[in-house]
Each structure stands twice: as structure tokens, then as C-alpha cells.
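Notes to accompany the following structure.
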Amino acid sequence: PRKLFSGIQPTGDVHLGNYLGAVKQWVDLQDNEHLILSVVDLHALTLPQDPKELSENILKMTATLLACGIDISKSILFQQSQVYQHTELAWNLSCICTMARLSHLPQFKEKSAALKDVPLGLYIYPVLQAADILLYKATHVPVGDDQLQHLELSQDLARMFNRRYGTTFPLPHALVSGEGTAKIKSLRNPLKKMSKSDPDAKNRICLTDTPDEIVKKIRKSVTDFTSKITFEPEERPGVSNLVMIHSSLSGKTTEDIVKEVEGLDTLQYKSLVADCIIAFTSPISQRIKELMEDPDYLRNILAVGTEKATEIAAGTMEEVKSKLGIRLLS
Ligand code: TYM
């Protein structure tokens with residue numbers, strides 16, 4: 001059977017890119033698969049965070065995943081830093097990973113370019129990600145397009161460990177949503193991905209945005225000078241991104257949508273897309289608010305997850321330590 005692991009950083013509100021590229025897949029997969037999900041707070045620490053905000057965000061991410069339909073009777077949901085084996089395995093893997101292998105990764109290049117002093121943690125970020133995955137011997141990792149390079153590194157490290165110390169880890173494969181939602185584009189620049197870290201909040205729509213904000217962001221989204229609505233991601237990335245979002249939230253195909261809205265101009269279509277997004281996000285946003293009123297409940301959910309995750313992680317670490325020669329019990 002397949003074993004699925006994925007993670008999300010508690011660094012801000014979940015946007016439609018995160019939702020369509022990752023969270024929706026998780027919700028759909030959890031019925032028939034063994035799914036482990038982590039709120040990866042240690043990854044968030046690779047860039048400066050306000051401590052109070054970070055701890056709020058960990059609970060908010062938990063609330064958001066529950067509001068989106070993650071069901072802890074089916075999946076394991078936990079806070080990464082509470083399962084100490086993540087840092088432990090990350091160290092072990094950092095001793096087999098070469099510096100050259102990390103320096104070429106595009107996310108490191110992007111994020112470090114803006115910094116005067118580059119934290120070591122940012123550099124070894126993908127090694128911690130590999131540890132997350134390998135700790136549970138995951139075979140598949142449901143993620144958006146931007147994580148593929150990190151997944152390749154996880155595979156490489158699994159291969160290197162297995163070769164040096166004997167077969168231990170299955171090679172983890174990326175599971176990217178097939179319907180073209182693996183890369184939802186920025187509303188301000190449809191050649192870039194929608195992203196949490198973009199300083200311009202108008203690039204993204206968050207599940208918690210108010211209807212008013214959603215209408216404004218969609219109205220201001222960058223399209224082109226053709227008013228007809230078509231789905232041509234290469235030629236017309238802006239309008240096609242709206243059709244893609246509309247299609248995946250409504251469950252209709254892009255062809256059906258294009259047919260349905262024939263005759264509408266871009267402005268009219270934008271208002272239709274905004275309505276569709278609002279109808280989708282309003283109940284989720286409401287549910288997040290309700291859940292946030294009961295932090296004890298959320299903490300308890302995470303505690304249950306910590307316990308389940310630790311059980312698996314501790315088993316793997318016993319095996320890893322014996323293989324490395326640092327476990328001295330008979
Ligand atoms: P993070 O927190 O940046 O994003 C969470 C998930 O959302 C996906 N995503 C998108 N998908 C489609 N279109 C977009 N515009 C878009 N933006 C983000 C991401 O691909 C991701 O699946 N390094 C990871 C977290 C992580 C992890 C792991 C993932 C840590 N350990 C182990 C998998 C397995 C990250 O920063 O995701």
C-alpha cells in the first residue's frame with residue numbers, strides 16, 4: 001500500500017494555490033490512503049518570524065486544514081517540531097548530503113538572493129524536508145509543482161542512505177494534481193506562481209479573505225486586451241488562470257466554462273469568478289473562525305497527532321541509528 005506524507009508551512013493564510021495544488025488533493029486522498037500531514041513550523045523558522053504570530057499561525061493552519069475537510073479519524077495531523085525525530089534525522093541526512101547538491105536548488109537561490117546574511121537553516125531546508133518524508137517511509141508526496149526539486153533531493157538522499165547503510169527507505173514519488181492546478185498563478189503576474197511570500201497581497205486570494213477583498217482582487221487581476229473568455233494557458237495565462245480556478249472550485253471542466261460564459265467580457269466574467277470563489281470560501285472561512293475560538297480543541301488535535309506520528313518516527317529512528325552504528329544496545 002502507498003504511504004503519503006505532506007507538509008505545509010504555518011507562515012500565513014492558506015491561499016487558492018495552496019488549496020488547489022495541495023490541500024484539496026489531501027482531502028480527496030485521505031478516504032482511501034494512509035495520509036500523514038504536518039504543520040511544518042521548523043521550516044517556517046528558516047526566515048525571521050514574530051514568535052507570537054508564529055504560534056497563532058500554527059493553530060490557524062490547524063484550524064484551516066480541519067475546515068477544509070482534513071479528518072483526523074482518517075489522517076494523522078501534527079506539528080512538526082513536537083516530533084523530535086525530524087531534527088534528528090535531518091542531522092543524519094545532512095551528514096550524507098553534499099553542499100554542492102544544495103546550492104543549486106532554485107528556491108534557495110530565490111530566497112537567499114534578497115538577504116544580506118543567509119541563515120544556514122535556509123540552506124539545509126530541503127534536507128529537513130527529506131527527513132520529514134523519509135521518517136514515515138512515505139512512498140508518495142502530494143504537493144504542488146514548486147516542490148518537485150525538493151522531492152528529487154529526497155529521493156537522492158534515500159538512495160544514498162540505502163546504498164551506504166542497506167535498504168531502509170522507499171524512494172518517495174511526487175503526486176501532483178493532474179488537472180493543471182499544480183501551479184496556480186499570481187493574480188498580479190500570471191507568469192509567476194501565487195505565493196504566500198509575495199509582499200503584494202493582491203497576488204493571492206486567501207481562504208479567509210472577505211467577499212469585498214475577493215471582488216477587488218479578482219477585478220484587479222492582470223488579464224490581457226482580448227475581452228473574449230478562452231482557456232489558453234500558454235497564450236493567455238491571466239484569463240486562463242481565472243478559468244482554471246473557476247473550473248476546479250466548481251467541478252466543471254474548463255471547456256464547459258468557456259462555453260457557458262460565451263458572450264461575457266472580461267469584467268463580467270471576473271465578477272462571476274469572484275462570486276464562485278466567495279461561495280466556496282465563505283463557509284470555510286466561517287468554520288476557521290469558529291475553530292479558532294477553541295484553541296484547546298486545536299491543541300488537543302495536534303497532541304493526538306504528535307502521539308501517532310511519534311510512534312512511527314521513533315521506530316524509524318531506532319532502525320536508522322542501528323544502521324549508522326550509534327545505537328549501542330545489543
Ligand atoms: P508551502 O507551505 O510553501 O506550500 C504548501 C503546498 O502548497 C503548494 N503550493 C501551490 N500549489 C499550486 N499552485 C501554487 N501557486 C502553490 N503555492 C504553493 C506547495 O507546492 C505545497 O505542496 N517545503 C514545503 C513544505 C514541506 C513539505 C515537507 C512538503 C516541508 N516538508 C514534506 C511535502 C513533504 C513548502 O514550503 O510548502
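Order of appearance sets the numbers: ligands from 1, and atoms from 1 within every ligand. This chain uses plain numbering: 1 for the first residue, then up along the sequence.
Near Y125, meaning under 4.0 Å from any of its heavy atoms, are these atoms of ligand 1: 23 (N), 24 (C), 35 (C), 36 (O). In summary, the atoms of ligand 1 found under 4.0 Å from a heavy atom of I8, numbered by their order in the structure, are 2 (O), 5 (C). Within ligand 1, counting atoms from 1 as listed, the ones closer than 4.0 Å to a heavy atom of T181 are 12 (C). With ligand atoms numbered from 1 in the order given, ligand 1 contributes 33 (C), 34 (C) to contacts under 4.0 Å with heavy atoms of V141. Atoms of ligand 1 found under 4.0 Å from any heavy atom of G21 (numbered from 1 in listed order, with element): 11 (N), 12 (C). Residue contact check: A22 has heavy atoms under 4.0 Å from atoms 6 (C), 7 (O), 22 (O) of ligand 1.
Side chains of Q85 and T316 form no contact here, defined as non-hydrogen atoms less than 4.5 Å apart. Proximity of L134 to V320: side-chain heavy atoms (C-beta onward) are nowhere separated by under 4.5 Å. Within the 4.5 Å cutoff, the side chain of K323 has no heavy atoms near those of the N92 side chain.
Atom 12 (C) of ligand 1 has as its closest protein heavy atom A182 O, 3.0 Å. G7 O, 3.7 Å is the protein heavy atom nearest to atom 25 (C) of ligand 1. Atom 31 (N) of ligand 1 has as its closest protein heavy atom D132 OD2, 2.7 Å. N18 ND2, 3.5 Å is the protein heavy atom nearest to atom 4 (O) of ligand 1. The nearest protein atom to atom 20 (O) of ligand 1, hydrogens excluded, is given as D146 OD1, 2.4 Å; this is a heavy-atom distance. For atom 28 (C) of ligand 1, the closest heavy atom belonging to the protein is Q129 CG, 3.4 Å.
For the atom pair M317 CE and T310 OG1, the distance stands at 12.5 Å (nearest 0.5 Å). Rounding to the nearest 0.5 Å gives a distance of 6.0 Å between CG of L175 and CD of Q25. The CD atom of E319 sits 10.5 Å away from atom CG of L324, with the distance rounded to the nearest 0.5 Å. Distance check: L4 CG to Q30 CD gives 11.0 Å after rounding to the nearest 0.5 Å. Interatomic distance, L20 CG to H15 NE2, rounded to the nearest 0.5 Å: 10.5 Å. Put simply, NZ on K196 and CG on N18 are 4.5 Å apart, with the number rounded to the nearest 0.5 Å.
Residue contacts with ligand 1 include K196, since one or more of its heavy atoms lies under 4.0 Å from the ligand.
Counted within 6.0 Å of CZ on R159, heavy atoms from surrounding residues, nucleotides or ligands total more than 12; the atom is thus considered enclosed. Around the CD atom of E307, the shell of radius 6.0 Å holds no more than 12 heavy atoms that belong to other residues, nucleotides or ligands. Few gaps surround CD on Q268; more than 12 heavy atoms of other groups in view lie less than 6.0 Å from it. Annotation for E318: atom CD counts as buried by contact number, over 12 foreign heavy atoms lying within 6.0 Å. The local environment of CD in E235 is crowded, with over 12 non-hydrogen atoms from other residues, nucleotides or ligands closer than 6.0 Å.
For G17, a nitrogen or oxygen atom sits less than 3.5 Å from a nitrogen or oxygen atom of ligand 1, counting backbone and side chain alike. Close N/O approach between Q147 and ligand 1 is found [any backbone or side-chain N/O within under 3.5 Å]. Taking any N or O of M194, backbone or side chain, at least one lies under 3.5 Å from an N or O belonging to ligand 1. Of the N or O atoms in V143, none lie within a sub-3.5 Å distance of an N or O in ligand 1. Taking any N or O of W26, backbone or side chain, none lies under 3.5 Å from an N or O belonging to ligand 1. Between I184 and ligand 1, an N or O atom pair is found at a separation short of 3.5 Å. Polar contact check, K193 against ligand 1: no nitrogen or oxygen pair lies under 3.5 Å apart. For ligand 1, the polar-atom distance check finds no N/O of D145 at less than 3.5 Å from any of the ligand's N/O atoms. Considering both main-chain and side-chain atoms, Q9 comes within under 3.5 Å of ligand 1 through a nitrogen or oxygen pair.
Under 4.0 Å from ligand 1, not a single heavy atom of S195 appears. Heavy atoms of I133 found under 4.0 angstrom from ligand 1 belong exclusively to the side chain. Counting heavy atoms closer than 4.0 Å to ligand 1, residue H15 contributes side-chain atoms (C-beta onward) but none from N, CA, C or O.
F78 and Y136 have tilted rings, their planes meeting at an angle from 30° to 60° on a 0 to 90° scale.
For the side chain to side chain contact (heavy atoms under 4.5 Å, CB included) criterion with V40, the lone passing option out of I8, T11, D132 is D132.
With distances taken over non-hydrogen atoms, the option nearest atom 22 (O) of ligand 1 out of G144, S154, S6 is G144. Distances from atom 30 (C) of ligand 1 to the heavy atoms of H150, K24, H43 show the closest one on H43.
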